2 protein chains.
Amino acid sequence: MPTQATENYLKALYSLHLKNPEISLTELGQRLGVSKPTVNEMIKRLEKEGWVMYERYKPISLTEEGKKMAALVIRKHRLSEMFLSDIMGFGWEEVHQIAEQIEHLKSDIFFDRMDEMLGFPTSDPHGSPIPDREGNMIKNNYKTLSQIKEGETVELKALRSSDKEFLMYLNKKEISLGVEIKVNNIEVFDNSFTVSYGEQVNVVLSQAVAAKLLVEVIK
Amino acid sequence: MPTQATENYLKALYSLHLKNPEISLTELGQRLGVSKPTVNEMIKRLEKEGWVMYERYKPISLTEEGKKMAALVIRKHRLSEMFLSDIMGFGWEEVHQIAEQIEHLKSDIFFDRMDEMLGFPTSDPHGSPIPDREGNMIKNNYKTLSQIKEGETVELKALRSSDKEFLMYLNKKEISLGVEIKVNNIEVFDNSFTVSYGEQVNVVLSQAVAAKLLVEVIK
DNA sequence: TTTATTTGTTAGGTTACCCTAACTTTATAT
DNA sequence: ATATAAAGTTAGGGTAACCTAACAAATAAA
């Protein structure tokens, strides 16, 4: 059974591998906030345990086992977030930190019960997909708001970040999942978006924000 | 912040100290399933960190800090049990094992929210008292059923064990907290009890079982 | 293509837990 | 009161994570 550290390495590897299946030791270290020699040592352990493939000086890649295990940890994380939000009433800006700990609990019945109470959800409070029991994750290919053209209307489906500060910013702006956003204007010089949604008219969203909002065009 | 191992040592020390404030290294080791040298080393660490008082060859005792910390871990454990039982619908025989892990989560808001959702309970699904936020625990002085005289009627208030096998035995016998038990007969030679409760008439409970049922005389 | 930079590795340490084997101290029993 | 048993300690090891400093290999730039 994987240790907590192992699970955290696998999660990090999983999310890095989605962008690029060839993962460097350095970027993994940065992601996890540990030194390169630590990653180097740890990766050898993970290799010995069958989670990753690794040869010295070559990039790291996940084995099928590793991918599955990672997805199952992500599953536990996202189910926990959903539970904290929908059952316990926490705000979407609070759930990540707590789920970060809950995800390491070893109890299938506990997570199965969560799943059941939630009605077998397929996405978490930030719109990210919840892998199934076998570790299969649906990948939604939403666009970012920053890719949308003037005049189009979109629905907010998910977020690219679960960062607390970002989520609190969205709270302040009264932006939540499902909201319909109309792009009124795009400034050429800074790519900032002027949008309307709900009760809000002509709100300005920076390029940084627009790039973190995952949307689907509705008209 | 205490590690998980530290929290487990403190919990064990706390429950041992209730019977005898002078705790031996050996019994602590047995309770935790670790060797004497391991306990010896660990106790030195706990002493350095201010959780216990210790001098070589002398019995171990908890400091005030240690007692409070232990009680707070027990609080988290029992709140978790209550949550698993009342909110998530687990049986009282399932909750201990899961709570054993949840108790180590570091998140005050998480346990506060549990507490709130449960309506600030004062005891867990096995009738054990839940310490308050300051670490104060009420000690109930219930009698065991084995101390009750023939003809008396008692109410089952708590259990002396949260052992899964024991709880499943109680389930089978349809014995739950709050049930009124009338002692019909006590066998002299083996101290077994013949009792009636609910729909059940003249059920025989062994001395071993009777000693684990904590009751209050009602008539 | 040689240099500079980035990336990865080695060597040597640390802390928190855990172990067995062997020994010493304290407590118990005769 | 001495022998024996129980309790506690020391010595020596192990693993999983972490670290810094110094060096080597691979990649990118001049």
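Residue numbering restarts at 1 for every chain, and letters A, B, ... go by the order of the sequence lines. Side-chain atoms are counted along with the backbone in the values below, which use heavy atoms only and exclude waters and symmetry mates. Note that the structure is a prediction, hence the values are computed from the model and not measured.
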Practice problem: Kindly state each residue pair satisfying ring pair (Phe, Tyr, Trp, His ring centres under 6.0 Å) with at least one member in residues 39-85 of chain B, sequence neighbours excluded. | Solution: His77(B)-His96(B)

Quiz item: Do any pairs count as a ring pair (Phe, Tyr, Trp, His ring centres under 6.0 Å) and have a residue in residues 97-117 of chain B, sequence neighbours left out, and if so which ones?
Solution: none

Rounded to whole angstroms, how far apart are [atom1] on [X] and [atom2] on [N]?
X	N	atom1	atom2	value
Lys58(B)	dT25(C)	NZ	C1'	12 Å
Ile43(B)	dA7(D)	CD1	C1'	14 Å
Glu49(B)	dT15(C)	CD	C1'	11 Å
Met42(A)	dC19(D)	CE	C1'	15 Å
Lys36(B)	dC23(C)	NZ	P	15 Å

Self-check item: Pairing residues for Gln101(B) by the side chain to side chain donor-acceptor pair (under 3.5 Å) criterion, not counting sequence neighbours
Solution: none

Practice problem: Sequence neighbours left out, what passes side chain to side chain donor-acceptor pair (under 3.5 Å) with Thr6(B)? Give chain and number order. | Solution: Thr3(B)

Quiz item: Restricting to pairs with a member in residues 116-129 of chain B, which pass salt bridge (charged side-chain N to carboxylate O under 4.0 Å, His left out), not counting sequence neighbours?
Solution: Arg78(B)-Asp124(B), Arg113(B)-Glu116(B)

Output one line per pair: protein atom, nucleotide atom from nucleotides 10-13 of chain C, and distance, for all N/O pairs under 3.5 Å.
{"from": "dT10(C)", "atom 1": "OP1", "to": "Arg56(A)", "atom 2": "NH2", "distance (Å)": "2.9"}
{"from": "dT10(C)", "atom 1": "OP2", "to": "Lys44(A)", "atom 2": "NZ", "distance (Å)": "3.3"}

Exercise. Scan for side chain to side chain donor-acceptor pair (under 3.5 Å) pairs involving residues 15-30 of chain A, sequence neighbours excluded, and state none if there are none.
Key: Ser15(A)-Arg31(A)

According to salt bridge (charged side-chain N to carboxylate O under 4.0 Å, His left out), who are the partners of [X], at least two apart in sequence or on a separate chain?
X	value
Asp112(B)	Arg133(B)
Glu94(B)	none
Lys106(A)	Glu7(A)

Counting only side-chain nitrogens and oxygens, does [X] get under 4.0 Å of the OP1 or OP2 atom of [N]?
X	N	result
Ser35(A)	dC19(D)	yes
Thr38(B)	dC17(C)	no
Thr6(A)	dA16(D)	no

Practice problem: Between Val39(B) and Arg45(B), name the one whose nearest nucleotide on DNA chain C is closer to the 5' end. | Solution: Arg45(B)

Quiz item: Of the candidate nucleotides dT26(C), dA25(D), dC19(D), which contains the atom at the shortest distance from the side chain of Tyr57(A)?
Solution: dA25(D)

Quiz item: For the residue pair Ser146(B) and Gln207(B), what are the closest heavy atoms and their distance?
Solution: CB-OE1, 3.8 Å

Practice problem: Please list residues of residues 7-15 of chain B whose heavy atoms come under 4.0 Å from any atom in DNA chain D, ordered by number; otherwise none. | Solution: none

Self-check item: Any residue of residues 16-34 of chain B with a heavy atom less than 4.0 Å from an atom of DNA chain C
Solution: Gly33(B), Val34(B)

Practice problem: Decide salt bridge (Lys or Arg N to Asp or Glu O under 4.0 Å) for Lys44(B) and Glu41(B); before the verdict, give the C-alpha distance in whole Å, the side-chain angles of both, and the deciding distance to 0.1 Å. | Solution: CA-CA 5 Å; Lys44(B) 286 175 191 161; Glu41(B) 187 188 14; over 6 Å; no

